2 protein chains.
Amino acid sequence: MTSIPEARWLDQDENRTWHAVWKLMTWLPARLDAQLRADAGLSLADYNALAEISAAPDHTVRLSELAASTNMTLSHLSRVMSRLETLGWVVRYPDPTDGRSTLAHLTDGGWAKVVATAPGHVEAVRRYLFDNLSAEESRALGAAAAVVASAAAPTGSARE
Amino acid sequence: MTSIPEARWLDQDENRTWHAVWKLMTWLPARLDAQLRADAGLSLADYNALAEISAAPDHTVRLSELAASTNMTLSHLSRVMSRLETLGWVVRYPDPTDGRSTLAHLTDGGWAKVVATAPGHVEAVRRYLFDNLSAEESRALGAAAAVVASAAAPTGSARE
DNA sequence: TGAGATTACTTTCCGCGTCAAGTTTTCGGT
DNA sequence: ACCGAAAACTTGACGCGGAAAGTAATCTCA
């Protein structure tokens with residue numbers, strides 16, 4: 001009545017690792033989100049969408065592509081875009097070459113917002129992530145995370 | 001108008017690492033949550049709470065301690081416990097030694113639920129995490145995650 | 001060329017989780 | 001012994017994000 005009857009339970013090292021990963025997943029996004037909200041009034045999802053659009057040719061992307069590159073559902077992205085459009089950072093219009101698709105285009109104000117916001121966000125990523133890791137640790141983290149991310153990806157989506 | 005004027009931008013390796021970590025944080029919790037919901041009708045938060053109580057002496061813990069060990073806010077935990085209590089897995093009662101605190105105690109049904117659910121969850125953790133990593137990669141991931149988690153922890157909480 | 005299937009969103013409904021405020025109990029100082 | 005402060009929750013209000021259903025445009029192919 002005191003031990004769990006489990007064949008492949010985690011050993012002590014695995015348990016430590018899993019707890020560390022769990023804490024990382026719990027706290028890192030919360031911190032980055034908090035930084036963006038405090039300094040730019042944007043959620044992490046908002047920022048990712050803006051940043052991803054700004055990285056596209058002509059600052060324009062199809063929503064379905066944007067959803068894929070930001071790891072958002074189309075449903076979620078739709079809401080994010082509504083907000084960003086209301087705020088004037090983005091405009092949506094139907095793709096002239098395919099009326100089903102809609103294109104998202106960064107406005108000048110949106111671009112200015114990204115330019116103003118990116119440094120602080122990158123700074124936060126450094127503060128919480130890279131500043132605490134040696135080059136070697138960073139490389140190892142990247143490699144391990146990539147493998148795990150690929151294993152946990154939704155539909156065999158090994159994109160990239 | 002095409003490059004972001006950023007002094008300490010991420011280099012290519014850092015960018016890849018950051019994206020891999022981002023995907024891990026996006027997908028791993030979603031997968032584990034989905035497994036638990038499908039197989040046990042529990043959210044990941046529910047399961048963590050149950051598991052943590054089951055690990056305590058006499059299957060009993062103070063809520064504030066439980067909140068700390070599960071990385072939940074007291075507010076969130078309060079709602080989780082309401083659910084679990086309604087389902088009959090847990091009971092709450094005031095701490096006899098300090099009327100402010102309340103103790104959570106796993107019922108027999110709750111213990112049975114943990115016993116029935118844990119193997120599948122551990123299996124999922126293995127499938128998405130450890131089965132994809134060598135011992136060395138696993139160790140490196142744990143070390144890096146621990147450092148980052150500690151840097152991103154809420155209030156200098158370097159507990160453990 | 002004209003259904004029926006598909007693609008690409010959008011919207012509605014709902015649960016989860018947070019913040020802020022409220023309640024109860026205990027502690028600290030006089 | 002009493003009053004103010006602190007601790008430990010609980011609750012109300014709110015935003016985020018997902019699943020499923022709805023809508024509009026485009027393809028498929030007979």
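What you see is a predicted model; the values in this text were computed from it and never measured. Chain letters run A, B, ... following the sequence lines, proteins first, then strands; residues in each count from 1.
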- Message: Is there a path of hydrophobic side-chain contacts, each under 4.5 Å between heavy atoms of I/L/V/M/F/W/Y residues, joining A:L50 to A:W111?
- Response: yes
- Message: If I take atom CG in residue A:D33 and atom P in nucleotide D:dG15, what distance separates them, rounded to the nearest angstrom?
- Response: 15 Å
- To the nearest Å, how far apart are B:E85 CD and D:dT10 C1'? 12 Å
- A:L36 atom CG is separated from D:dC16 atom P, nearest whole Å, by 13 Å
- Query: Below 3.5 Å, does any donor atom in the side chain of A:R79 face an acceptor in the base of D:dG18, or the other way round?
  - Reply: yes
- Message: Please check this pair: side chain of B:S82 against backbone of B:S78, looking for a donor-acceptor N/O pair closer than 3.5 Å.
- Response: yes
- Task: Taking only the side-chain heavy atoms of A:S64 (C-beta and beyond), determine which of C:dA8, D:dT10, C:dG17 contains the nearest atom.
- Result: C:dA8
- Touch class at under 4.0 angstrom, heavy-atom based, for A:L74 against every strand present: base
- Query: Does the distance from a Lys or Arg side-chain N to an Asp or Glu carboxylate O, for B:R139 and A:D13, drop under 4.0 Å?
  - Reply: no
- Can any side-chain N or O of B:R31 pair as donor or acceptor with the backbone N or O of A:P154 at less than 3.5 Å? yes
- Message: To the nearest 0.5 Å, what is the distance between CG on B:N48 and CH2 on A:W22?
- Response: 4.5 Å
- Item | Electrostatic pair B:E123:B:R126 at N-O distance under 4.0 angstrom | no
- Message: Categorize B:S78 for me: base, sugar-phosphate, or nothing, with a 4.0 angstrom heavy-atom threshold over every strand shown.
- Response: base
- Item | Euclidean distance, atom NE2 of residue B:H76 to atom C1' of D:dT11 [Å, nearest integer] | 15 Å
- Query: Expressed in angstrom and rounded to an integer, what is the separation of A:R37 atom CZ from D:dC14 atom P?
  - Reply: 16 Å
- Interface residues of residues 87-97 of chain A with DNA chain C (non-hydrogen, below 4.0 angstrom): A:R92
- Note on the structure: From CG of B:L42 across to P of C:dG15 the rounded distance in Å is 16 Å
- Query: What distance separates B:L66 CG from B:L103 CG, expressed to the nearest 0.5 Å?
  - Reply: 11.0 Å
- Task: May I ask you to verify whether the side chain of A:S75 and the base of D:dA19 hold a donor-acceptor pair under 3.5 Å?
- Result: yes
- Note on the structure: Taken to the nearest whole Å, CG/B:N48 to C1'/C:dC16 is 15 Å
- Item | Protein-nucleotide distance (A:L63, atom CG; C:dT11, atom P), rounded to Å | 12 Å
- Hey, is the side chain of A:R62 poking within less than 4.0 Å of OP1 or OP2 on C:dT7, counting only N and O atoms? no
- Tell whether B:R100 reaches the base of C:dT23 with its side chain through a donor-acceptor pair below 3.5 angstrom. no
- Looking at B:T102, does any N or O in its side chain come under 4.0 Å of the phosphate oxygens OP1/OP2 on D:dA8? no
